[in-house]
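Below: the structure, in structure tokens.
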Amino acid sequence: MLLSFLMLSGGLLSVGLMPMGAYAASSGATIDLSDTETLSGTGWTYDSVNNAFMIENGANVTITGDGTTNRVKVIANGLSNVSITLQNAQIYPQGFNISALSLKGSTASINVSGTNTLEGDSNYGNAIDGSESANITINGSGTLNLRTSMLGAALNFGGSSGSLSILGGTINVSGGIYADVSGEGTLSISGGTFNARQLECKGGIVVNGGIVNIPHIQAESSTATFNGGTVNADVIYANGGVSIDSDNATVHANSIRGEGSVTYERPSAPTGVTAVSDNPGGISVSWTPPTNGGEIPGEAFSDFNAGTIEGYEYAATKSGDDDVWKAIASPATDEDTGTLSYSITGLTEGANYTVKVRARNEYVSSEAAEYGEEVTVMKTTPVLANTSSKRISATAANLYFNPNVKGDLYYAVVAAGTTPAPVINTSSSETYDKSVAVSFVGSVLLTTAVITSGAKDIYFLIKGENGLVSAQYKLYIPDFKDASVTPEDFTFDLYEESEDHKDLVVEFDPGSYTLESITMDGHEISIPAEISNKPVEVTILTAEELSEYPVGGYFVTFDMDGGTDPEMFVSVVDTTPIPYSWKDGDSTHTIGSDENLELTVETSLGMADDMIFIDGQPIYQNGDFDGEVFVIDDSDYSITVGETTTIVTLKSKLLNKLGAGKHTIRINFTDDKSVSAEFTVKTASSGSTPSTGDENDTPFALLINLMLTSAFAIFISVKLIAERKKAKANS
């Protein structure tokens with residue numbers, strides 16, 4: 001059990017004493033308890049008659065050594081400002097009512113270092129005697145074992161003006177028929193661990209910190225104040241009253257009795273405790289909350305109210321260890337059953353634990369409720385994640401992986417595709433079973449130099465320190481060679497109905513290297529996730545992505561971290577059909593003939609624009625709407641625009657004006673496309689077709705000028721569309 005009494009301010013205990021070491025002498029000396037031949041030292045002398053080391057006023061001494069054989073004692077009575085360091089000292093005096101360390105009436109500080117044992121002798125012999133109003137401070141990081149027999153108290157601090165202050169160290173007090181620790185002065189505890197069977201203090205107890213395990217704590221005719229620390233007791237009695245700071249102090253007791261001998265009531269214990277290890281290094285515990293929260297004091301000390309459960313604590317204890325209780329911050333609640341649960345972590349894998357739970361109201365804890373069986377903590381199953389390999393030479397490769405446990409890695413290297421796969425036995429001495437220690441968790445690089453030429457498969461696993469073995473993994477190690485890509489040439493057609501409108505799929509082999517990037521004419525594109533360290537068929541660009549590229553040629557380069565970078569050439573073409581075409585028909589006219597020349601264009605998408613060109617020169621013509629189609633008609637030519645065709649009739653009058661030879665007619669359409677056709681004008685006498693129109697009496701340029709002068713203009717596009725819509729509406 002633990003008891004903690006502190007008067008703590010800024011981390012230091014303050015009970016009217018000077019801090020330890022504040023009054024120490026400027027130089028110190030050492031007393032060796034096994035050496036009774038040396039009679040004096042700085043701050044001390046040896047009294048051979050009384051077999052005692054005598055400390056002088058204001059001394060700063062270190063006491064060490066084993067005094068078991070010499071049975072010496074240490075006396076520092078009636079002194080002020082004495083500093084004593086106990087460093088692995090053993091003091092066992094002999095005689096009637098003899099104390100091991102006598103500090104009667106002194107002001108002294110004791111610093112504890114290492115392990116020290118002091119034992120008083122006979123009826124009232126104390127381990128430490130602080131009677132006659134001595135003021136004693138104990139501090140340090142070591143252990144102080146204090147023992148007595150018969151009627152004495154192992155640790156005694158007497159006198160109404162005396163005090164005992166514990167700042168640090170581990171103090172174990174035992175022996176004595178009555179109290180282990182007794183005194184009329186005040187006791188304050190601000191740090192360390194204080195273990196005893198019984199404590200009696202008439203001057204009052206103040207606990208501000210530390211850990212105190214004392215079943216019976218009594219402050220007769222005085223008060224007990226708990227401002228901090230942890231106190232584990234069975235009974236706490238202070239006739240002058242008990243004060244507990246519930247925000248900072250943790251007090252566990254079956255009975256707390258104060259003024260009027262009123263006893264606190266503990267909460268009832270949880271029920272239905274179950275525990276199971278369902279995760280590595282952890283145990284999940286569940287329980288049913290208690291029905292009674294106990295009783296707690298009201299405003300007046302004798303006024304008690306019903307307590308409520310403020311929280312819970314657990315202890316997960318290995319066999320042979322003491323229970324260490326820890327707070328459960330926020331247990332989970334099952335809304336249907338009301339059962340509470342908590343996951344305990346940080347336990348030793350494979351170890352057996354006893355699990356207990358207790359409830360707590362504002363002041364005291366309940367009895368512990370225990371799961372009736374020991375729980376074996378689950379072990380971590382070894383796993384190797386993020387595995388990969390890279391060949392670095394004809395005989396070596398790097399292997400990369402992330403183990404989740406420490407242990408030994410075993411591996412076997414075989415020719416790629418070997419079946420059946422080798423079975424790695426972690427206790428085997430076969431030649432292909434290689435092992436290497438893995439001393440940490442995280443990213444690991446293993447370079448293996450047992451590879452021969454050709455592609456390889458490497459099988460490996462890890463056996464953890466807990467004895468469990470991971471699954472067996474396989475990695476492919478390519479042959480030592482350059483990377484390659486097939487095909488070297490690829491054609492993509494922007495025309496969606498074309499066979500070449502398809503994804504760019506390649507056969508990629510990284511060889512002995514690692515792909516770092518893919519570029520298309522210097523612009524980086526994403527590396528597909530399927531590309532690893534072995535040959536793979538993979539889509540580099542989809543048809544949708546390729547459609548973003550203009551017509552042209554592009555080099556796709558696979559940038560490797562070594563060797564030669566393979567390259568391929570991608571051609572982007574567009575075979576999309578033109579949506580306008582001339583219909584077949586007679587396209588020849590003989591000069592002098594009265595036959596017209598009719599040229600027809602299939603126009604499935606657009607309408608004729610306001611421009612028609614003959615031999616590159618625009619022709620303008622006015623026209624009217626006849627109710628069905630837009631007709632431009634005069635003695636030279638006419639245009640008839642229908643739903644799916646545009647018919648241009650070049651009349652004989654116009655044709656006879658053109659020179660003999662080949663001529664070109666072009667029509668522009670409203671969607672910015674155009675279509676052209678050739679027609680021939682020939683002479684009747686020769687039957688041949690001259691290469692120019694020079695034979696014509698009227699040059700074509702003059703014809704055009706005359707037409708422009710006559711203000712023949714055609715405005716087809718806008719008016720035609722409007723009139724066509726109007727006609728449809730009227731029909």
Side-chain angles (χ1 to χ4, degrees), residues 386-394 397-398 400 416-417 453-457 475-582 602 604-606 666 668-669 671-676:
N386 299 325
T387 57
S388 62
S389 68
K390 176 183 177 182
R391 191 147 188 170
I392 57 176
S393 71
N398 286 339
Y400 305 88
S453 61
K456 304 294 180 183
D457 287 332
L475 283 177
Y476 174 80
I477 303 177
D479 196 5
F480 194 65
K481 61 181 181 179
D482 267 344
S484 63
V485 61
T486 304
E488 294 183 356
D489 297 304
F490 176 81
T491 298
F492 176 76
D493 194 343
L494 294 171
Y495 180 40
E496 294 186 3
E497 296 181 13
S498 168
E499 293 181 352
D500 290 331
H501 189 85
K502 58 188 177 182
D503 297 343
L504 173 54
V505 180
V506 300
E507 293 282 346
F508 175 72
D509 185 349
S512 304
Y513 303 99
T514 299
L515 177 64
E516 294 187 332
S517 66
I518 304 175
T519 57
M520 189 163 178
D521 268 17
H523 299 287
E524 191 167 329
I525 59 179
S526 299
I527 297 178
E530 299 91 338
I531 290 183
S532 60
N533 64 336
K534 58 183 178 181
V536 64
E537 182 180 86
V538 63
T539 299
I540 301 300
L541 289 170
T542 64
E544 182 179 0
E545 292 170 325
L546 284 167
S547 295
E548 299 297 323
Y549 287 84
V551 172
Y554 303 90
F555 285 98
V556 178
T557 304
F558 295 77
D559 299 305
M560 312 303 295
D561 65 348
T564 303
D565 295 336
E567 195 169 59
M568 65 182 302
F569 186 76
V570 175
S571 299
V572 178
V573 300
D574 189 355
T575 63
T576 305
I578 298 175
Y580 306 93
S581 61
W582 288 97
E602 291 185 348
S604 59
L605 298 179
R666 184 177 89 242
N668 287 357
F669 289 86
D671 57 359
D672 295 330
K673 288 187 169 55
S674 64
V675 64
S676 300

How far does [atom1] of [X] sit from [atom2] of [Y], to the nearest 0.5 angstrom?
X: Glu567; Y: Ser484; atom1: CD; atom2: OG; value: 14.0 Å
X: Asp482; Y: Thr564; atom1: CG; atom2: OG1; value: 4.0 Å
X: Thr514; Y: Asp559; atom1: OG1; atom2: CG; value: 13.0 Å
X: Tyr400; Y: Thr387; atom1: OH; atom2: OG1; value: 13.0 Å
X: Met520; Y: Leu504; atom1: CE; atom2: CG; value: 7.0 Å
X: Leu546; Y: Ile540; atom1: CG; atom2: CD1; value: 10.5 Å

Self-check item: Minimum side-chain heavy-atom gap Asp509-Lys481 below 4.5 Å
Solution: yes

Self-check item: Ile477 and Asp457, any side-chain heavy atoms less than 4.5 Å apart
Solution: no

Examine the side chains of [X] and [Y] and answer whether a donor and an acceptor come within less than 3.5 Å of each other.
X: Thr575; Y: Asp493; result: yes
X: Glu524; Y: Thr519; result: no
X: Thr491; Y: Asp500; result: no

Quiz item: For the residue pair Ser388 and Leu475, what are the closest heavy atoms and their distance?
Solution: O-CD1, 3.4 Å

Practice problem: Kindly give the heavy-atom pair with the smallest separation between Leu494 and Tyr549, and that separation in Å. | Solution: CD2-O, 4.0 Å

Quiz item: Are the aromatic rings of His501 and Phe492 close, with centres under 6.0 Å apart?
Solution: yes

Practice problem: Answer with yes or no after comparing the ring centroid distance for Phe569 and Tyr554 against a 6.0 Å cut-off, counting only values under it. | Solution: no

Quiz item: Does CD in Glu516 sit with more than 12 non-hydrogen atoms of other residues, nucleotides or ligands closer than 6.0 Å?
Solution: yes

Practice problem: Begin with the C-alpha distance, continue with both residues' side-chain angles, and end with the deciding distance and a verdict on side-chain contact (heavy atoms from CB on, under 4.5 Å) for Phe508 and Leu515. | Solution: CA-CA 10 Å; Phe508 175 72; Leu515 177 64; 4.1 Å; yes

Quiz item: Taking the side chain from Asp503 and the backbone from Ala543, do they hold a donor-acceptor pair closer than 3.5 Å?
Solution: yes

Exercise. Quick one: do Met568 and Val506 satisfy side-chain contact (heavy atoms from CB on, under 4.5 Å)? Show the steps, please.
Key: CA-CA 10 Å; Met568 65 182 302; Val506 300; 3.6 Å; yes

